[in-house]
Protein chains: 2
Amino acid sequence: MNAGKTARDRARAELTAEIKDEARRQLASSGADGLSLRAVARALGMVSSAIYRYYPSREELLTALIVDAYRALGAAATAADQRLPDKDLRGRWQAVCHSVRDWARANRHEYALIYGSPVPGYQAPEVTIVEAQKVPLIMVRVLRAAWAEGTLRPTRDSAVLSDGLAEQCRTLAEAIAPELPPEVLARAIVAWTQLFGMISFELFGQLVGSVDPSDEFFTYAVDVLADLVGMPS
Amino acid sequence: MNAGKTARDRARAELTAEIKDEARRQLASSGADGLSLRAVARALGMVSSAIYRYYPSREELLTALIVDAYRALGAAATAADQRLPDKDLRGRWQAVCHSVRDWARANRHEYALIYGSPVPGYQAPEVTIVEAQKVPLIMVRVLRAAWAEGTLRPTRDSAVLSDGLAEQCRTLAEAIAPELPPEVLARAIVAWTQLFGMISFELFGQLVGSVDPSDEFFTYAVDVLADLVGMPS
DNA sequence: TCTCATCACAGAGCACCGCTCTCGAATCGG
DNA sequence: CCGATTCGAGAGCGGTGCTCTGTGATGAGA
C-alpha cells in the first residue's frame, strides 16, 4: 500500500502514526486533560512546532484518538458477538454488553474520552458519529436475529410510546432495521443508555458505597436488560 | 450569623463567596476546562495570587463547585418529590426523575462536572460522596413509601440475584432502608444508573441521530423504569 | 493607646501550555 | 540540474497554575 509513494510520503505516514501512538500512551497514563502536544514532541525527540506539520491542532489529535477509540470498542463488541453461535441470542446479547464493559475497564481514559463530558466547543466530525453507532448497531443486530426467529418476547408493562416517540423510532427503524416495530427499538434504546450508564457510573466512581465492585451487579443488570428488550431465555 | 466576627473575618467570608460565584459563572459559560483562576481574579479586580488566600488551589475551588452542584441537584429533586401528594407514588417517582433531567439541562456544565469524566488524580473528599447520595436516597424514599403501603409490585422476570450481589444489597439496605429486600434495591440501582445514563447521553450528544430531541423518550423510559422497580400504576 | 504578630494583597517570576512565524536545509517533480 | 514544496528547529506570544517576597492594613493583648 506504500508502493509508489515517495520516501517523504512514507516518512510522513510513519511519523503521523508514531505521534498518535505516543499520544495514546500519554492519554492512557494521564487522561485527556494531561495530553500535551509538547510532551508528545519531547518523547519523540522533536521540537513542539514540528508536531503541527502532522496534526494542525491538539483538537485534531484528540479527534484521531476518539475515532480510534470508537473503532477499537466496536471491534471488541463485534468480536464478542461473533465468538458465540448465531443461535445463542441471549448469550450474544450478554457477551456484547460484557465486552463493552471489559473494554471500558481496560481502557478507562479512552472510554472517558468518548463517553465522558465532551470538551466544550468541540464539534464531533461526521466520522466519529458513524463510528459511535457501531455498538448500538451490534445490539440491534442481535435483536433483529431474535425478531427474525420469532422468539423476541412482547413487552409486558404499562409504558406506551407517545406519538412523537413512535415516529422517531419508525424513522430510526427505516435507517437501520426496517422490520423492527417502534416498541422494540424504544426498548433497545433504553437498554443502550442503561448499558453505558452503568459503565460510566462504575468507571467514574459513582458506584462506590453501593455495589462496588460491580461485576455481579453488572451481570445481573445485563440479564434484566435482556428481559427488558424481550430476549428469549 | 456574622456577629462576633471581626471585619476581616466578614470580608474574608464575603470574598470567598464572591470568588465561588464568579467561578460558577465561568463554569456555566465555558465549562470546567475553561475555568481559570486568573480569569476569576481578573473579573473580581484582584491579582491572581490573591485568590490563593481563599482557595489554595484550582482543585479546591472545583471541589467547592462540585459540592454546590450536588446540593443544588439534591434540592431540586427533593422539591420535586415534595410538590406531589405523598400517596401519588408513581407520580413522585416520575417527578424526581424529571427534575434531575431538568436540572441537568439547565446546568449542563455543572452536571458534566459531577457526572462526567472525573479529573484524573482527583480524589473526591468525603463531603462530595455524602452529597452525591442525595438523589438515590430520594428515589429510595419513594420506594420505601410504596413498600410500606404494600403496593410495590413483585419482580416479573428471570434475572436472579447472585449471592454476592444479594449480600451487597443487604449491606446497603442496612444503611439506608433496612426493610427493603435485596431484589428491590438491586432494581433501584438499575433504575438509578439508567436515569443518569440517559441524561448523560442526551447532554453529551450521544443521542443525536436516534431520539433527539429526547423529551418523549425520557418520559417513556421513566415510565419503563417505574414498572421495572415495581411502582404501582 | 501603643505594639507586634497576623493577615491581605500586589507584583515578579517559574515552568508549563497551545500555537504562530521565520529561516535554512532536505526532498521532490519536471 | 532547478525551482517548488516540505520539513525541522528555534524564537516568540499570550495564556495557565502556582510560589515567593515585600509592603501596608488589621487585630488582639499589654
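Scope of the values below: all heavy atoms of this structure, side chains included, with no hydrogens, waters or symmetry mates. A note on names: the letters A, B, ... follow the listed sequences, proteins ahead of strands, and every chain is numbered from 1. All values derive from a computational prediction rather than experimental measurement.
To the nearest angstrom, P of D/dG8 lies 8 Å from CD1 of A/Ile19. Per the geometry, CD belonging to A/Gln26 stands 9 Å off P belonging to C/dC17, to the nearest Å. Counting to the nearest Å, the C1' atom of C/dC19 and the OH atom of A/Tyr55 are 18 Å from each other. Taking atom CZ of residue B/Arg53 and atom P of nucleotide C/dA8, one finds them 6 Å apart after rounding to whole Å. Atom CD of B/Glu59 and atom P of D/dT16 are 19 Å apart (whole Å). Computed from coordinates, the B/Ile51 CD1 to D/dT16 C1' distance equals 14 Å when rounded to whole Å. Rounded to whole angstrom, the span from the CG atom of A/Leu37 across to the P atom of C/dC17 amounts to 9 Å. To the nearest angstrom, P of C/dA26 lies 19 Å from CG of A/Asp9.
From B/Tyr54, atom OH reaches atom CG of B/Leu44 across 10.0 Å, with rounding to the nearest 0.5 Å. Remark: A/Met139 CE to A/Cys97 SG distance equals 4.5 Å, nearest 0.5 Å.
Using a 4.0 Å heavy-atom cutoff across all strands shown, A/Leu35 reaches sugar-phosphate atoms only and no base atom. Among the heavy atoms of the strands lying under 4.0 Å from B/Ser48 is at least one base atom, whether or not backbone atoms are also near. As judged by a 4.0 angstrom heavy-atom cut-off over every strand, A/Ala7 is placed among residues touching the sugar-phosphate backbone only.
In terms of heavy atoms, A/Asp33 sits closest to A/Arg58 at O-NH1, 4.2 Å. Closest approach of A/Ala191 to A/Leu225, counting heavy atoms only: O-CD1, 3.6 Å. Residues B/Tyr115 and B/Leu73 approach most closely at CE1-CD2, 3.7 Å, considering heavy atoms.
When distances are taken from the side chain of A/Met46 to each of C/dG18, D/dA9, C/dC9, the shortest belongs to D/dA9. Minimum atom distance to the side chain of A/Tyr52 is reached by C/dC19, of the listed D/dC18, C/dC9, C/dC19. Nearest to the side-chain atoms of A/Arg8 among the listed nucleotides C/dC19, D/dC20, C/dA26 stands C/dA26. Side-chain proximity of B/Leu15 to C/dC17, C/dC19, C/dC9: nearest is C/dC9.
Side-chain contact of B/Tyr111 with A/Ser117: a donor-acceptor pair under 3.5 Å is absent, judged by distance alone.
Listed pair A/Ser49 / C/dT20 fails the phosphate criterion, with no side-chain N or O lying under 4.0 Å from OP1 or OP2. For the pair A/Thr6 and C/dG29, the criterion of a side-chain N or O lying under 4.0 Å from OP1 or OP2 is not met. Residue A/Arg42 places at least one side-chain N or O under 4.0 Å from the OP1 or OP2 atom of C/dC17. Within the structure, a side-chain polar atom (N or O) of A/Arg12 is placed less than 4.0 Å from OP1 or OP2 of D/dC7.
Nearest-nucleotide assignment on DNA chain D puts the 5′-proximal partner with A/Arg38, out of A/Arg38 and B/Arg58. Along DNA chain C, the nucleotide closest to B/Tyr54 and the one closest to A/Ser36 are compared, and the more 5′ of them pairs with B/Tyr54.
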